[in-house]
Amino acid sequence: MEWLEANIVDIVAIIGMVIGSAYAVARAIVALTPTPKDDEALERVSIVVRAIAKAFGLDLKQGVHTKDAGPGKVGMILLCFFLLLPSCAVFEENPRANLVASQELFSATVDSLTVLLKAGKFSEEEKVLLTIFIHEGERLLLQWEADIGSGRDSPDVIRAFDAVLDKLIAYQIQKGQ
Amino acid sequence: MDATSIVLLLSLISEGIGVAKPLLDLVKRVEAGEAITEADIVAGRAKVKESVAGWDEAVGSTVVDEATKTKG
């Protein structure tokens with residue numbers, strides 16, 4: 001335990017790398033389909049990432065500053081990572097990749113919420129609400145999958161799923177602090 | 001930092017790093033022009049199902065029942 005406390009700087013550095021990786025992912029995806037719309041999305045995301053990183057003691061250009069990064073803030077930085085890919089809308093050109101990426105993100109989000117649940121972070125009311133959102137998210141992913149299988153576009157399903165994921169991520173951020 | 005905070009922090013870091021790799025791999029595959037197959041979608045579905053089952057188990061059947069009833 002003492003070792004962990006002594007090495008919290010390294011832990012924060014790893015999180016910095018995760019944020020950097022997320023930005024790299026966004027850049028790589030935008031490079032696949034270089035359109036003005038994507039460029040704008042990347043610019044928006046990069047500003048958000050830099051602002052979040054700076055607000056919580058990290059500077060992506062100049063390295064890691066850990067002086068002001070407490071444990072709650074570190075959790076916050078990590079959880080903000082989950083905001084990046086869905087907000088990019090980067091897989092729009094590849095519906096199957098978009099679905100698989102969404103499945104990965106949803107699964108990781110639910111796993112993180114389960115960690116927070118086991119840490120006693122949620123009230124009884126929140127547990128019920130989150131369970132509703134999680135089951136709805138799973139149902140929407142299945143619907144999305146069925147639509148892809150039938151060759152149908154499903155913008156309404158995707159929008160509804162994004163809304164559910166946003167709610168879950170909001171809980172992650174709030175309770176991860 | 002107390003022990004509980006450290007455990008929670010490490011767990012969240014693990015989840016965050018855990019999702020980064022498959023997403024990066026997916027990007028590389030799309031970039032290489034590789035098709036995303038039905039098997040990828042099925043594997044993703046299984047992962048989602050496992051995560052939801054993990055949540056349900058942790059939250060307990062009473063809450064799940066109440067959520068189902070509330071949703072109607």
Side-chain angles (χ1 to χ4, degrees), chain A residues 1 4-5 8 11 14-15 18 21-22 24-25 28-29 31-32 70-72 74-75 78-79 81-82 85 91 94 96-97 99-119 121 124 127-132 134-138 141-142 145 148-149 176, chain B residues 1-38 40-60 62-72:
Chain A
M1 211 59 79
L4 288 174
E5 289 193 18
I8 190 69
I11 293 170
I14 290 169
I15 293 170
V18 171
S21 299
V25 170
I29 297 167
L32 296 178
V74 171
L78 175 67
L79 294 170
F81 166 72
F82 290 102
L85 287 169
F91 286 113
N94 190 327
R96 282 173 172 264
L99 172 61
V100 172
S102 297
Q103 288 172 326
E104 290 281 356
L105 279 170
F106 181 76
S107 175
T109 303
V110 173
D111 288 346
S112 293
L113 288 168
T114 304
V115 169
L116 292 167
L117 172 71
K118 288 177 177 173
K121 295 282 184 180
E124 290 304 310
K127 287 178 192 174
V128 173
L129 201 57
L130 281 166
T131 303
I132 292 171
I134 287 168
H135 283 210
E136 183 64 6
E138 184 183 28
L141 281 171
L142 289 171
E145 184 184 331
I148 283 181
Chain B
M1 193 188 314
D2 60 30
T4 309
S5 296
I6 291 172
V7 170
L8 179 59
L9 171 63
L10 290 177
S11 301
L12 292 172
I13 288 171
S14 170
E15 296 299 339
I17 292 174
V19 74
K21 190 180 181 309
L23 287 174
L24 284 166
D25 289 345
L26 187 64
V27 171
K28 284 178 190 167
R29 288 178 56 194
V30 173
E31 197 171 25
E34 193 179 326
I36 305 302
T37 64
E38 186 63 26
D40 294 314
I41 294 174
V42 170
R45 188 205 311 155
K47 198 179 274 189
V48 167
K49 191 176 178 185
E50 190 182 339
S51 296
V52 174
W55 168 269
D56 284 349
E57 188 183 343
V59 83
T62 309
V63 173
V64 175
D65 290 345
E66 195 178 338
T68 307
K69 204 164 55 184
T70 304
K71 193 182 165 195

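Values in this document were obtained by computation on a predicted structure and should not be read as measured data. What you see below is based on every heavy atom in this structure, not just the backbone, and it leaves out hydrogens, waters and symmetry mates. Lettering of chains follows the sequences in order, A, B, ..., and the numbering in each one begins at 1.
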Among B:Val64, B:Asp56, B:Ile41, B:Thr62, who wins on heavy-atom pairs under 4.5 Å with chain A? B:Ile41

Side chain A:Ser107, main chain A:Gln103, donor-acceptor under 3.5 Å: no

CG-CD distance between A:Leu99 and A:Glu104, expressed to the nearest 0.5 angstrom: 10.5 Å

Say you draw a straight line from CD of B:Glu66 to OG1 of B:Thr70; how long is it, rounded to the nearest 0.5 Å? 5.0 Å

Counting only non-hydrogen atoms closer than 4.5 Å, does B:Thr37 touch chain A with its backbone (N, CA, C, O), its side chain (CB onward), both, or neither? backbone

Portion of B:Glu50 that has a non-hydrogen atom of chain A nearer than 4.5 angstrom: neither

Under 4.5 Å heavy-atom distance to chain B, tell me which part of A:Ile132 shows up: side chain, backbone, both or neither. both

For A:Leu129, is it the side chain, the backbone, both or neither that has a heavy atom under 4.5 Å from a heavy atom of chain B? neither

One thing to verify: whether A:Glu138 and B:Lys49 come together as a salt bridge, which I'm taking to mean a side-chain N less than 4.0 angstrom from a carboxylate O. no

Looking only at heavy atoms, which two atoms of B:Val52 and A:Phe106 are closest? And how far apart? CG2-CE2, 4.0 Å

Specify the closest pair of heavy atoms between B:Val30 and B:Ile36, including all atoms of both residues, with the distance to one decimal. CG2-CD1, 4.3 Å

Quick one: of A:Leu141, A:Ile134, A:Val110, A:Leu117, who has the most non-hydrogen atom pairs under 4.5 Å with chain B? A:Leu117

Ranking A:Glu124, A:Lys118, A:Glu136 by heavy-atom pairs under 4.5 Å to chain B gives rank one to A:Glu136

